[in-house]
Amino acid sequence: MDLLNISDDELIRLRIQVGKELNRRGIKFNVGDLGEKLVINHFNTTPGLPTLRAAPPGTKNVDAISRDGHRYSIKTVLKAKKTGTIYPDSSGSNLPLFEYILVLELNQDFEIKRITRFSWTQFLEARSWDKRMNSWYVSLSKPKLKLGETVWG
């Protein structure tokens with residue numbers, strides 16, 4: 001199908017049809033879900049990186065678990081300058097929420113541009129507080145990204 005030669009209305013109708021079919025098939029297509037799948041696949045097919053599996057749905061702040069039991073939070077960024085939210089522990093303790101956070105940056109074609117891995121300790125140094133959301137995030141600034149380890153890119 002030549003998308004360049006269809007009208008805006010036809011393109012919108014096509015988008016709606018594709019969305020309905022994705023829902024019918026149970027396929028989630030949002031940036032976060034796509035990023036988790038890309039990261040898990042990248043780790044599982046790259047020698048030297050841990051094998052990951054998706055965490056059970058609803059697991060707070062954890063998206064993947066390694067064979068050795070390490071918990072990974074995965075944050076995917078497409079156009080933003082910071083990650084999504086990481087909510088603090090409701091008990092107020094400073095216990096680690098995960099062992100690693102992986103920040104996946106995607107290019108405009110939804111391909112991996114860079115993956116940066118932060119240990120819990122590195123995350124504590126790199127994080128910033130979002131007053132509006134009452135949560136943490138990681139800025140994609142060069143100084144903050146240098147606190148982690150570039151896994152890809």
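Atom set for the values below is all heavy atoms of this structure, side chains included, hydrogens, waters and symmetry mates excluded.
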Could you tell me if the side chain of T83 sits less than 4.5 Å from the side chain of V77, heavy atoms only? yes
Over 12 foreign heavy atoms within 6.0 Å of NZ, K60: yes
- prompt: How about E10: does its CD atom have over 12 heavy atoms from other parts shown lying under 6.0 Å from it?
  reply: yes
Exactly one of W120, F43, Y100 clears ring-ring contact (aromatic ring centres under 6.0 Å, His included) with H70, and that residue is Y100
For E111, is there any backbone N or O sitting under 3.5 Å from a side-chain donor or acceptor partner on D109?
no
ask   = Side chains of D89 and S91: is there a donor and an acceptor less than 3.5 Å apart?
value = yes
Any salt bridge linking K75 with D63? Criterion: basic side-chain nitrogen under 4.0 Å from a carboxylate oxygen. no
task: Kindly say whether N134 contributes a backbone atom to a donor-acceptor pair with the side chain of D130 at under 3.5 angstrom?
output: no
*Decide side-chain contact (heavy atoms from CB on, under 4.5 Å) for F110 and L78; before the verdict, give the C-alpha distance in whole Å, the side-chain angles of both, and the deciding distance to 0.1 Å.*
CA-CA 8 Å; F110 290 81; L78 178 61; 3.8 Å; yes
Within-4.5 Å side-chain heavy-atom neighbours: H42 and L49 | yes
When F123, Y72, W136 are each screened for ring-ring contact (aromatic ring centres under 6.0 Å, His included) with F98, the one that passes is F123
**OP:** Would you please say whether a donor-acceptor pair under 3.5 Å links the side chains of D2 and N5?
**Re:** yes
Practice prompt. Under the side-chain contact (heavy atoms from CB on, under 4.5 Å) rule, what do L106 and L38 come out as? Steps first, then yes or no, please.
Written response: CA-CA 10 Å; L106 296 176; L38 288 171; 3.7 Å; yes
Query - Min side-chain heavy-atom separation V103-L140 under 4.5 Å - result: yes
| Is a side-chain donor or acceptor of S119 paired with a backbone partner of Q122 at a separation under 3.5 angstrom? | yes
Give a yes or no on whether D8 atom CG has more than 12 heavy-atom contacts from other residues, nucleotides or ligands under 6.0 Å away.
-> no
*Can you tell me if S139 uses its side chain to pair, donor with acceptor, with the backbone of S141 under 3.5 Å?*
yes
